[in-house]
Peer 1: 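After the structure tokens below, expect a handful of questions from me.
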Amino acid sequence: MTATATAPGSRPSPGRAPVLDIVIPVFNEEKALVASVEKVRDHLRTLPFEHRVTIADNASTDATSLLAHQLASRFDDVRVVSLTRKGRGRALKEAWSHSDAEVLVYMDVDLSTDLNALLPLVAPLLSGHSDLAIGSRLARTSRTTRGPRREVISRGYNVLLRGALRARFSDAQCGFKAIRRDVAAQLLPLIEDDEWFFDTELLVVAERAGLRINEVPVDWVDDPDSRVDIVRTAAADLRGMGRLGWSLVRGRIPLADVAEALGRATTSSAGGRLSAQMVVFALIGVLSTAAYGLLYVLLRGSLGAFEANAVALAVTAIANTAANRRFTFGLRGPAGALRHQLQGLLVFGCGLAVTSGAIWVLRTLQGDGHPLVEVVVLTAANLFVTVMRFVLMRTWIFRTSRRHLPSVA
């Protein structure tokens with residue numbers, strides 16, 4: 001995507017879409033709104049792009065809505081989007097979804113971020129080099145002014161993101177971001193959060209789909225009048241991280257489709273759900289192994305070692321196949337279920353041969369030993385069986401059905 005440069009200070013021509021749409025979500029901002037919009041318009045007149053400023057009113061109860069509509073009446077490059085419910089994410093979804101601009105920008109009404117970062121923010125998107133761009137207060141060359149409490153919370157949150165969701169971007173919640181319209185059209189339907197976690201979810205999904213995120217160091221000054229409830233927001237963010245992480249692990253987000261639609265398909269974004277499947281398979285494997293060990297100990301006294309091993313392995317193999325079919329490979333309904341179980345029983349036969357062989361070797365070396373020693377040896381043998389089971393499930397049992405599943409890196 002390449003924008004056409006025009007004379008500085010251009011407003012959108014009649015019937016022509018602007019290049020930039022600057023969205024400013026507001027809730028009860030009657031004191032700051034007018035001055036902020038005028039300042040943004042002044043800065044936009046220095047850039048060689050047709051532009052628009054969109055005020056997204058989040059169900060304000062003061063004079064914000066009135067002032068917003070007055071600004072829209074005064075300036076033909078200002079419009080208002082009115083919502084009946086609060087939520088920053090909800091406001092951005094609404095404004096971005098209905099915008100015809102090439103690049104969609106979001107900034108906070110307090111203008112904590114220096115507007116000189118706007119051109120570096122949008123330039124890679126206009127050239128087609130990047131898909132999203134974010135301002136970063138945590139980059140080495142950024143200059144920020146804020147209290148220690150918010151600094152610690154911000155850095156701690158980003159450490160959590162890197163650890164829990166493997167995020168590689170440095171600042172998830174800086175109120176200064178941009179996205180190409182075609183990218184927004186693909187991503188917005190996938191984003192569930194309508195409030196403060198919206199930014200993080202958007203970036204994580206984009207990154208996992210292999211999209212390019214450009215980071216711009218910014219000069220940023222904390223707004224002392226900020227009314228964000230930090231504790232409530234932090235709790236909501238943690239819930240959002242858990243929900244998003246589980247969705248990624250389960251493969252519920254069609255990342256490969258997004259990457260393919262935008263021409264950003266890579267090995268990591270479209271190569272299959274291997275890492276996600278391995279996580280779920282491992283969780284099921286831990287539960288299956290624990291259940292196997294318990295059943296073996298309970299049955300060993302009455303049935304003997306070989307018989308207890310066979311029964312415990314058969315029961316857990318059937319449950320394991322059903323659980324992996326449902327949770328690891330995302331298959332539902334009766335179609336193919338019987339065939340999958342029969343194939344699973346063949347894998348069970350291989351596992352039975354391996355574990356029975358382990359018991360035979362143990363008996364040969366030490367005779368009739370303690371059952372707990374047998375459990376340890378059988379658990380080790382089951383590690384090999386588990387790897388074998390995963391390979392066979394992925395390449396044989398669920399191979400044909402897996403083609404239609406969404407991919408997760």
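Note that the structure is a prediction, hence the values are computed from the model and not measured.
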Peer 1: Grab the two heavy atoms, one from D193 and one from F198, that are nearest each other, plus how far apart they are.
Peer 2: OD2-N, 3.1 Å

Peer 1: Measure the shortest side-chain to side-chain distance between P254 and L190 over non-hydrogen atoms and say whether it is less than 4.5 angstrom.
Peer 2: yes

Peer 1: To the nearest 0.5 Å, what is the distance between CG (L202) and CG (L92)?
Peer 2: 9.0 Å

Peer 1: Does K93 reach the main-chain N or O of I191 with its side chain, forming a donor-acceptor pair under 3.5 Å?
Peer 2: yes

Peer 1: As a quick check of understanding, evaluate side-chain contact (heavy atoms from CB on, under 4.5 Å) for L248 and V204, giving each step before the final call.
Peer 2: CA-CA 10 Å; L248 291 169; V204 170; 4.0 Å; yes

Peer 1: I want to check something: taking the side chain as every heavy atom from C-beta on, are L44 and F49 in contact at a cut-off of under 4.5 Å?
Peer 2: no

Peer 1: Which atom names give the shortest non-hydrogen contact between L295 and A312, and what distance separates them?
Peer 2: CB-CB, 3.7 Å

Peer 1: Taking E38 first and then R74, would you say they form a salt bridge - that is, a charged N and a carboxylate O separated by under 4.0 Å?
Peer 2: yes

Peer 1: For D110 and S112, indicate whether the former's side chain and the latter's backbone hold a donor-acceptor pair under 3.5 Å.
Peer 2: yes

Peer 1: Going by heavy atoms in the side chains, are Y157 and T200 under 4.5 Å from each other?
Peer 2: yes

Peer 1: Evaluate I179 against L187 for side-chain contact (heavy atoms from CB on, under 4.5 Å), listing each step before the verdict.
Peer 2: CA-CA 10 Å; I179 185 171; L187 292 180; 4.2 Å; yes

Peer 1: Sub-3.5 Å donor-acceptor pair from the side chain of Q186 to the main-chain atoms of V258, do we have one?
Peer 2: no

Peer 1: Using a 3.5 Å distance criterion without hydrogens, assess whether the side chain of S170 forms a donor-acceptor pair with backbone atoms of L138.
Peer 2: no

Peer 1: Holding to side-chain contact (heavy atoms from CB on, under 4.5 Å), I want the full list of residues that pass it with D219, two or more places apart in sequence or in another chain.
Peer 2: D114, R143

Peer 1: Strictly distance-based, threshold 3.5 Å: is any side-chain N or O of S36 a donor or acceptor partner for the main-chain N or O of V109?
Peer 2: yes

Peer 1: Answer yes or no: is there a side-chain heavy-atom contact under 4.5 Å between H98 and V81?
Peer 2: no

Peer 1: Can you tell me how far apart CG (D171) and CZ (R155) are? Round to the nearest 0.5 Å.
Peer 2: 9.0 Å

Peer 1: In terms of the angle between their ring planes, are W96 and Y106 parallel, tilted or perpendicular, with boundaries placed at 30° and 60°?
Peer 2: perpendicular

Peer 1: Compare all side-chain heavy atoms of D100 with those of P18 and state whether any distance is below 4.5 angstrom.
Peer 2: yes

Peer 1: Test salt bridge (charged side-chain N to carboxylate O under 4.0 Å, His left out) on D199 and R88; report intermediate values, then the result.
Peer 2: CA-CA 9 Å; D199 303 52; R88 179 177 68 176; 2.6 Å; yes

Peer 1: Taking all non-hydrogen atoms of both residues, which atom of N116 and which atom of P120 are closest, and how far apart?
Peer 2: O-CD, 3.4 Å

Peer 1: Side chains of L299 and E307, heavy atoms from C-beta outward: is any pair under 4.5 Å?
Peer 2: no

Peer 1: Could you go through the side-chain contact (heavy atoms from CB on, under 4.5 Å) check for I253 and L244 one step at a time?
Peer 2: CA-CA 9 Å; I253 305 175; L244 177 58; 3.8 Å; yes

Peer 1: Is it true that a side-chain atom of K86 and a backbone atom of E195 form a donor plus acceptor pair closer than 3.5 Å?
Peer 2: no

Peer 1: Show the nearest heavy-atom pair for residues A56 and A91, with the distance to one decimal.
Peer 2: CB-CB, 3.9 Å

Peer 1: Decide side-chain contact (heavy atoms from CB on, under 4.5 Å) for K177 and L132; before the verdict, give the C-alpha distance in whole Å, the side-chain angles of both, and the deciding distance to 0.1 Å.
Peer 2: CA-CA 8 Å; K177 294 182 173 68; L132 301 91; over 6 Å; no

Peer 1: Is there a donor-acceptor pair under 3.5 Å between the side chain of E207 and the backbone N or O of I213?
Peer 2: no

Peer 1: Which value, rounded to the nearest 0.5 Å, describes the distance between T84 atom OG1 and D57 atom CG?
Peer 2: 10.5 Å

Peer 1: Report yes or no: does R208 contribute a side-chain atom to a donor-acceptor pair with the main-chain N or O of L165 at less than 3.5 Å?
Peer 2: yes

Peer 1: Got a salt bridge between R212 and D131, using NZ or NE/NH1/NH2 to carboxylate O under 4.0 Å?
Peer 2: no

Peer 1: Of all the heavy-atom pairs spanning T64 and D62, show the shortest one and how long it is.
Peer 2: OG1-OD1, 2.7 Å

Peer 1: Listed by chain and number, what are the side-chain contact (heavy atoms from CB on, under 4.5 Å) partners of Q70, not counting sequence neighbours?
Peer 2: L66, L67

Peer 1: Taking the side chain from T316 and the backbone from L313, do they hold a donor-acceptor pair closer than 3.5 Å?
Peer 2: yes

Peer 1: As an exercise, state the distance from CZ of R41 to NZ of K39, rounded to the nearest 0.5 Å.
Peer 2: 15.0 Å

Peer 1: Taking CZ in R162 as the centre, count heavy atoms belonging to other residues, nucleotides or ligands within less than 6.0 Å. Is the count above 12?
Peer 2: yes

Peer 1: Does S99 have any side-chain contact (heavy atoms from CB on, under 4.5 Å) partners at least two apart in sequence or in another chain, and if so, which?
Peer 2: D21, R52, R79, A101, L104

Peer 1: Measure the CG-CG distance between L160 and D237 for me, rounded to the nearest 0.5 Å.
Peer 2: 10.0 Å

Peer 1: Do the side chains of F176 and V216 get nearer than 4.5 Å, heavy atoms only?
Peer 2: no

Peer 1: Would you kindly say whether D108 and T113 are connected by a side-chain donor-acceptor distance under 3.5 Å?
Peer 2: no

Peer 1: Give me the atom names and distance for the closest heavy-atom approach of S82 to H69.
Peer 2: OG-CE1, 3.7 Å

Peer 1: Supply the atom-to-atom distance E260 CD to L255 CG, rounded to the nearest 0.5 angstrom.
Peer 2: 13.0 Å

Peer 1: For the backbone of W246 and the side chain of R252, can you confirm whether one donor and one acceptor N or O come within less than 3.5 Å of each other?
Peer 2: no

